[in-house]
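All values below come from the heavy atoms of this structure, side chains included, with hydrogens, waters and symmetry mates left out. Letters A, B, ... mirror the listed sequences (proteins, then strands); counts begin at 1.
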There are 2 protein chains.
Amino acid sequence: MAGTPGTVRPGGRTARVRTAVLEAAGDALVEHGFHGLDLADVARRANVGKTTVYRRWSTVTGLVADLLEDMAEQSVARTDTGNLSGDLRANARLVVETLTDPRQGALFKAVIAAATCDERTTRALNRFYATRIEEWAPCVDAAVTRGELQAGTDAREVIRAVSAPLYYRLLASGDPLDEATADRAAAAAEAAARAGAYVVDGPGAR
Amino acid sequence: MAGTPGTVRPGGRTARVRTAVLEAAGDALVEHGFHGLDLADVARRANVGKTTVYRRWSTVTGLVADLLEDMAEQSVARTDTGNLSGDLRANARLVVETLTDPRQGALFKAVIAAATCDERTTRALNRFYATRIEEWAPCVDAAVTRGELQAGTDAREVIRAVSAPLYYRLLASGDPLDEATADRAAAAAEAAARAGAYVVDGPGAR
């Protein structure tokens with residue numbers, strides 16, 4: 001994920017500046033939220049010239065969009081456990097780990113809140129989730145190939161179904177988010193998938 | 001729901017003032033979001049004295065908490081169709097109607113965004129969802145009584161599972177929210193419930 005200390009990235013000065021600025025932007029979002037985000041403050045935190053930050057990112061929304069792009073690029077690869085139960089459980093546990101991590105959880109809340117009131121951030125957030133869903137969808141397609149699920153199962157919808165109850169708890173109901181919640185989200189998505197609830201042209205398909 | 005034009009409520013002047021102020025607060029949230037909310041502006045919109053608003057609600061977060069309490073009180077009763085499929089579908093369609101309504105959808109986004117950065121609002125939002133989940137849980141208990149679902153099925157978790165994919169689309173992935181999405185969310189929650197995924201002490205329970 002973006003801003004993880006010790007992350008080694010390729011590239012020269014331009015890449016180093018981007019890394020420093022995006023890490024500072026993440027810190028500022030965690031501390032003050034989207035409405036407290038300020039390019040001059042981010043430049044100071046990153047120890048980068050203000051004009052460099054304004055020239056490259058122009059606006060707060062441009063900076064958040066780039067942060068989300070970086071989060072998508074840096075986010076971890078899917079786990080392949082060899083069976084659908086294990087894969088979905090790994091996915092759900094990763095989501096819970098991320099959302100309950102003090103820094104990452106606060107960062108996700110801040111960008112989701114920002115997206116509710118800014119269209120450019122909405123598009124960047126949607127692209128982030130599209131990237132993550134795309135990363136994990138092959139585990140569902142593999143389950144179809146292995147005969148664990150019916151042909152025509154909408155892989156992306158199964159992956160969305162694993163995350164959905166976890167985000168609902170984080171953002172709406174406030175119910176606990178822990179490993180047991182993760183495992184139940186994975187088990188429920190798997191049970192619905194096995195019952196054919198995500199088969200396109202099947203029951204309830206779109 | 002709060003602020004629906006034409007809603008007739010019991011009570012005298014105090015109740016009328018509350019209705020006017022909460023409707024104005026909703027309008028202001030829809031237009032400017034939580035960070036643009038201002039008690040003096042709400043008083044002006046409601047045509048109520050500023051001191052009345054300050055005396056009764058004190059702070060913006062106090063006002064939003066009261067708005068959420070009112071939204072819970074005013075929200076519609078559950079539909080009883082006589083079978084689990086019909087009940088869950090009615091629940092999912094109601095959620096989609098609410099979230100895609102221009103005013104209600106913007107209002108929900110605003111209070112969810114506010115809850116990410118304010119604890120009092122978080123608690124009020126969580127109470128709102130607890131009330132709504134409590135309202136709909138009996139349809140799952142009735143399905144258990146009718147023998148449609150196993151004894152021990154966690155009714156609240158089934159109701160959360162219906163809403164979760166809809167909120168995930170609204171707030172995270174940005175995928176479409178329509179009647180087909182609602183029906184699929186209901187069908188998936190039902191399939192998982194029938195498979196025993198929400199049975200306490202069953203697979204993945206907590």
Side-chain angles (χ1 to χ4, degrees), chain A residues 32-36 89 106 108-110 112-117 122-123 125-130 132-133 154 156-157 160-161 163-176 178 180-198 202-206, chain B residues 32-36 89 106 108-110 112-117 122-123 125-130 132-133 154 156-157 160-161 163-176 178 180-198 202-206:
Chain A
H32 305 299
F34 181 67
H35 286 271
R89 200 178 311 119
F108 273 90
K109 281 186 177 180
I112 289 167
T116 64
C117 56
T122 309
R123 287 194 301 274
L125 186 73
N126 295 165
R127 273 197 305 274
F128 170 81
Y129 286 105
R132 295 307 294 154
I133 292 164
D154 181 342
R156 285 166 198 79
E157 192 63 5
R160 285 185 202 106
S163 278
L166 309 172
Y167 278 85
Y168 183 75
R169 283 168 176 252
L170 179 78
L171 299 167
S173 75
D175 297 291
D178 51 26
T181 322
D183 292 354
R184 182 146 75 166
E190 185 187 349
R194 286 186 187 272
Y198 303 118
R206 33 167 319 170
Chain B
H32 304 299
F34 181 67
H35 286 273
R89 199 179 309 118
F108 273 90
K109 280 186 178 181
I112 289 167
T116 64
C117 57
T122 309
R123 286 194 301 272
L125 186 73
N126 295 165
R127 274 197 304 274
F128 170 82
Y129 285 105
R132 296 307 293 153
I133 292 164
D154 181 342
R156 285 167 197 78
E157 191 64 6
R160 286 185 201 107
S163 278
L166 309 172
Y167 278 85
Y168 183 76
R169 284 169 176 251
L170 179 78
L171 298 167
S173 75
D175 296 292
D178 51 26
T181 321
D183 292 355
R184 182 147 74 166
E190 186 187 348
R194 286 187 186 273
Y198 303 117
R206 37 166 317 178

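The CZ atom of A:Arg132 sits 14.5 Å away from atom OG of B:Ser173, with the distance rounded to the nearest 0.5 Å. A distance of 14.0 Å separates OG1 in B:Thr116 from CZ in A:Phe108, rounded to the nearest 0.5 Å.
Contact annotation for A:Leu166: neither backbone nor side-chain heavy atoms come within less than 4.5 Å of a heavy atom of chain B. Looking at B:Ala115, there are no atoms closer than 4.5 Å to chain A (heavy atoms on both sides), in backbone or side chain. Contacts between B:Leu170 and chain A at a heavy-atom distance below 4.5 Å are absent for every atom of the residue.
In plain terms, the two heavy atoms of A:Ala188 and B:Ala192 that are nearest each other are O-CB, 3.5 Å. Residues A:Leu171 and B:Leu171 come closest through the heavy atom pair CD1-CD1, 3.8 Å.
Options B:Ala161, B:Ser163, B:Cys117 differ in how many heavy-atom pairs under 4.5 Å they form with chain A, and the most are formed by B:Ser163. Counting heavy-atom pairs closer than 4.5 Å to chain A, the top-ranked of the candidates B:Ala172, B:Gly174, B:Ala189, B:Ala186 is B:Ala172. Put simply, of B:Ala164, B:Ala193, B:Ala130, B:Pro165, the one with the most heavy-atom pairs under 4.5 Å next to chain A is B:Ala164. Heavy-atom pairs under 4.5 Å with chain B were tallied for A:Lys109, A:Arg160, A:Arg156; the largest tally goes to A:Arg160.
Using bins of under 30°, 30° to 60° and over 60° for the plane-to-plane angle, the ring pair A:Tyr168/B:Tyr129 lands in the perpendicular bin.
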